[in-house]
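To keep things clear, I will list the structure first and then write my remarks on it.
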Amino acid sequence: MSIVPANPKPSTQRTPDSNGFFGNYGGIFVPPDLEAPLKEIQAAYEILSRSHDFIEELRRIRKHFQGRPTPTYHAARLSKKLGSSQIYLKREDLNHTGAHKLNHCMGEGLLARYMGKKKLIAETGAGQHGVALATAAAYFGLECDIYMGEVDIAKQAPNVARMEILGARVIPATHGLKTLKEAVDSALMAYVQDPVDQIYCIGSVVGPHPFPMLVRDFQHIVGIEAREQILEMTGNLPDIVTACVGGGSNAMGMFAGFLDDPVELHGVEPNGKGSKLGEHSATMTYGKEGIIHGFRCYLLQEENGEPGPVHSIASGLDYPGVGPEHCHLKDTERVKYLTASDDDAVRAFYILSREEGIIPALESAHAVSHAMRLARENPDHPRTILVNLSGRGDKDMDYMIEHYGTGADYQL
Ligand SMILES: *Cc1c(COP(=O)(O)O)cnc(C)c1O
């Protein structure tokens, strides 16, 4: 029997208003040159998201190319060791390319093809978004330019190689600190120069309207599948659904499936090494309202309002802003946002690997750690906890072996 939690507050606004706002957050804060190309994407998406042909083609792609639906898996061994709660994992690590990001990249690629675009462009930090988008470009037979800071290019050689093997051009951003922020500048500059043949494809539920809505809609499939699967497996809705939050796309896709249900939703942000600015990337825990990359959100910022430095052991989570819908869901108290530290994630990484034979991405390990904490906390109050396992840990292997070894010391 599932214990249904006290009715959470009803979900509030689900679609952004005509100016692209979820409550106080979101909107379009871009130079005038970018307004028209964004309007074009918005208009095309409004039509295509209702088109039978578009939806049917996306379904076929998900099934035959991506390998969806991904399974939901009962982590019975891990659950038993922790107490009487039951942990379930939505296996986005089994989605083609090994993470959830391909869900929105395939949607963006299909949108581009319907709009008659020739080239997909984006920035990438650690390279995960670049690899997913290069994969989509290859599938659709489109060109692909990925802007990447020169410093990141040096650090992320395997992902640079992947993008190039997939046929993408990796273009170095050589100004400023030569990392993600400069890559965003370069990508947007290139976009403004040719918005007719090119389309900008963002990597999470961030950026100016309509991207937060569009990326959420493409990720919603994760929540839809998981809800159906867990109902079939347990006969009930889960008590708690949890996911890690960087920009917020894997969490938003999962949560979107449960917003109207009496289910607690927990977003897990990276607390890194501590609570000082620069030691973490827990935007909603420590940030305050500001503007970054064309939209308003909770933001980790310096005194002067510039985006602040961030850290997480999981490079996919180290973003100083966060999706506007998450900010709205925090203010309306529909979703609770908590944190897990670098150490928590490392521990969960090894424990899930040993107990279940699943090596998680360090990003996803933050959510696994939170689920383990919940299961331990309440031995007399068993709950069903559904975790979005956003990706696999192969990309983190070299780093983990070098810094933490094989993890034999991490026991339950
Ligand atoms: C990029 C990434 C994330 C973080 O991005 P969100 O937009 O917050 O989902 C999480 N997990 C994995 C495996 C990633 O590659």
Side-chain angles (χ1 to χ4, degrees), residues 70 89-105 107-108 122-135 152 156 158-159 162 180 201-207 211-223 241-256 266-270 281-284 293 295 297-298 310 312-327 329 335 337 339-340 345 348-349 352 358-370 387-397 399:
T70 58
L89 307 172
K90 176 59 173 165
R91 300 287 309 274
E92 289 305 292
D93 59 316
L94 296 176
N95 194 33
H96 178 43
T97 74
H100 72 287
K101 282 196 178 74
L102 193 67
N103 298 330
H104 60 252
C105 287
E108 288 172 324
E123 73 287 333
T124 195
Q128 297 301 108
H129 176 52
V131 169
L133 196 65
T135 303
D152 292 330
Q156 309 288 347
N159 274 344
R162 278 185 196 107
L180 181 62
C201 297
I202 210 150
S204 187
V205 285
V206 297
F211 288 118
M213 171 182 72
L214 182 152
V215 171
R216 178 212 49 202
D217 290 352
F218 290 142
Q219 288 293 344
H220 189 180
I221 186 65
V222 176
V241 175
T242 186
C244 65
V245 179
S249 66
N250 88 88
M252 210 50 250
M254 181 58 122
F255 294 169
H266 294 181
V268 185
E269 297 194 297
S281 186
T283 307
M284 274 185 293
H293 297 150
F295 70 109
C297 62
Y298 281 99
V310 284
S312 168
I313 192 169
S315 56
L317 300 180
D318 61 2
Y319 184 60
V322 63
E325 193 169 4
H326 282 293
C327 303
L329 289 166
V335 179
Y337 293 89
T339 64
F349 173 92
L352 190 68
I358 298 169
I359 303 178
L362 279 170
E363 289 82 0
S364 326
H366 285 73
V368 173
S369 168
H370 178 57
V387 181
N388 194 5
L389 198 78
S390 54
R392 66 179 183 221
D394 302 45
K395 67 184 179 56
D396 300 313
M397 211 58 53
Y399 178 87

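Treat the numbers as computed from the prediction; the structure is a model and nothing was measured. In each ligand, atom 1 is the first atom listed, and ligand 1 is the first ligand listed. Every heavy atom of this structure was used, including side-chain atoms; hydrogens, water molecules and symmetry mates were not.
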Inset, instruction - Please report the closest heavy-atom contact between Asp152 and Leu180, naming both atoms and the distance. - result: OD2-N, 3.6 Å

Quick one: ligand 1 N/O to protein N/O pairs below 3.5 Å?
| unit_1 | atom_1 | unit_2 | atom_2 | d |
| --- | --- | --- | --- | --- |
| ligand 1 | 7 (O) | Ser204 | OG | 2.6 |
| ligand 1 | 7 (O) | Gly248 | N | 3.2 |
| ligand 1 | 7 (O) | Ser249 | N | 2.8 |
| ligand 1 | 7 (O) | Ser249 | OG | 2.7 |
| ligand 1 | 8 (O) | Gly246 | N | 2.8 |
| ligand 1 | 8 (O) | Gly247 | N | 3.2 |
| ligand 1 | 8 (O) | Gly248 | N | 2.7 |
| ligand 1 | 9 (O) | His100 | NE2 | 3.0 |
| ligand 1 | 9 (O) | Ser249 | N | 3.4 |
| ligand 1 | 9 (O) | Ser249 | OG | 3.2 |
| ligand 1 | 9 (O) | Asn250 | N | 2.8 |
| ligand 1 | 9 (O) | Asn250 | ND2 | 2.8 |
| ligand 1 | 11 (N) | Ser390 | OG | 2.7 |
| ligand 1 | 15 (O) | Lys101 | NZ | 2.6 |

Inset, instruction - With sequence neighbours excluded, tell me which residues meet side-chain contact (heavy atoms from CB on, under 4.5 Å) with Thr97. - result: Leu102, Thr135

Legend entry - Parallel, tilted or perpendicular: ring planes of His293 versus Tyr319, cut at 30 and 60 degrees: parallel

Legend entry - Shortest non-hydrogen contact between Gly321 and Cys297, atoms and distance: CA-SG, 3.9 Å

Legend entry - Non-neighbouring partners of Ser249 that pass side-chain contact (heavy atoms from CB on, under 4.5 Å), sequence neighbours left out: His100, His104, Ser204, Val205, Val215, Gln219

Under 3.5 Å, sequence neighbours excluded: what are the donor-acceptor pairs made by side chains of residues 360-367?
| unit_1 | atom_1 | unit_2 | atom_2 | d |
| --- | --- | --- | --- | --- |
| Glu363 | OE1 | Lys395 | NZ | 2.8 |
| Glu363 | OE2 | Gly316 | N | 2.8 |
| Glu363 | OE2 | Lys395 | NZ | 3.3 |
| Ser364 | OG | Ser390 | N | 3.2 |
| Ser364 | OG | Ser390 | OG | 2.8 |
| Ser364 | OG | Gly391 | N | 3.0 |
| Ser364 | OG | Gly391 | O | 3.4 |
| His366 | ND1 | Leu362 | O | 2.9 |
| His366 | ND1 | Glu363 | O | 3.4 |

